[in-house]
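Have a look at the structure below before the remarks.
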Amino acid sequence: MAITLLSYAKADIRAARLALEAVRTKSGNEKATKGIAAYHAQQAIEKIIKYEIYKVNPDINPRKMYTHKIYDLCAIAETNHIKVPREIKEKSYMYSDWEAAGRYDLHFTVRIDSIEKALCLAESWLQHVEK
């Protein structure tokens, strides 16, 4: 299961990068496409955290893992002695909002630089995890 989570995290990073490129080239609805990029950045972070948790605690109750809230996953990771990058923990509430608000809340908008930062953090952590 864990390898699948990393491959999905990589796919989410690629999807987010493609969405950001569409925003930059003004291809389609900019607000909606930024929301899609933010969603995929959040999903990548979520899947990396879950990968790390399952790696050290493969017998964890799956129901505990049925969340998209990065801050909850960070807490679960911490109880399993997993070091989530500080920058991800500090922005965990913001990233958690991206899972739904960026796609459904018409008044919610995400800054491109925030998405870029999240993607850089996810990519860096992913490289570290794969070593």
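This one's a predicted model, so the numbers in the text were calculated from it and none came from an experiment.
Judged by distance alone, with hydrogens and angles left aside, the side-chain atoms of T33 form no donor-acceptor pair with the main-chain N or O of E30 at under 3.5 Å. Between the side chain of N80 and the main chain of I82, no donor-acceptor pair closer than 3.5 Å is present. With hydrogens and angles ignored, the 3.5 Å screen pairs a side-chain donor or acceptor of K50 with a backbone N or O of M65. Side-chain atoms of S96 come within 3.5 Å of backbone N or O of I70 as a donor-acceptor pair. When atom types are taken as modelled, the side chain of S114 and the backbone of V110 share no donor-acceptor pair closer than 3.5 angstrom.
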Under the salt bridge (Lys or Arg N to Asp or Glu O under 4.0 Å) rule, what do E21 and K34 come out as? Steps first, then yes or no, please.
-> CA-CA 10 Å; E21 183 59 29; K34 282 195 302 183; over 6 Å; no

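The shortest distance between side-chain heavy atoms of I45 and L121 does not fall below 4.5 Å. In this structure, H40 and I13 have side chains that are not in contact, with every pair of non-hydrogen atoms separated by 4.5 Å or more.
Heavy atoms only, all atoms of each residue included: E52 and V129 are closest at OE2-CG1, 3.5 Å. The minimum heavy-atom distance between I88 and W125, with the atom names listed, is CD1-CE3, 3.7 Å. In this structure, K64 and I76 approach most closely via the heavy-atom pair O-CD1, 3.5 Å. Residue A37 comes nearest to A16 through the heavy atom pair O-CB, 3.5 Å, listed as atom of the first residue, atom of the second, then distance. Annotation for K47 and L5: closest pair CB-O, 3.8 Å, computed over non-hydrogen atoms. Across all their heavy atoms, W98 and A38 have their closest contact at CE3-O, 3.4 Å.
The distance from atom CD1 of I36 to atom CD1 of I115, rounded to the nearest 0.5 Å, is 10.5 Å. Taking CD of E87 as the reference point, atom OG of S124 lies at 8.5 Å (rounded to 0.5 Å). Expressed to the nearest 0.5 Å, how far CZ of R17 lies from CG of L20 amounts to 7.0 Å. Annotation: the span from L18 atom CG to S27 atom OG amounts to 11.0 Å, rounded to 0.5 Å.
Checked by atom type, the side-chain pair E130/Q127 shows no donor-acceptor distance below 3.5 Å. For the residue pair H68 and Q42, no side-chain donor N or O sits within less than 3.5 Å of a side-chain acceptor on the partner.
Within 6.0 Å of the CD atom in E78, the count of heavy atoms belonging to other residues, nucleotides or ligands does not exceed 12. For NZ of K117, the number of neighbouring non-hydrogen atoms (other residues, nucleotides, ligands) closer than 6.0 Å is 12 at most. Counting non-hydrogen atoms of neighbouring residues, nucleotides and ligands closer than 6.0 angstrom, the NZ atom of K91 reaches no more than 12 such neighbours.
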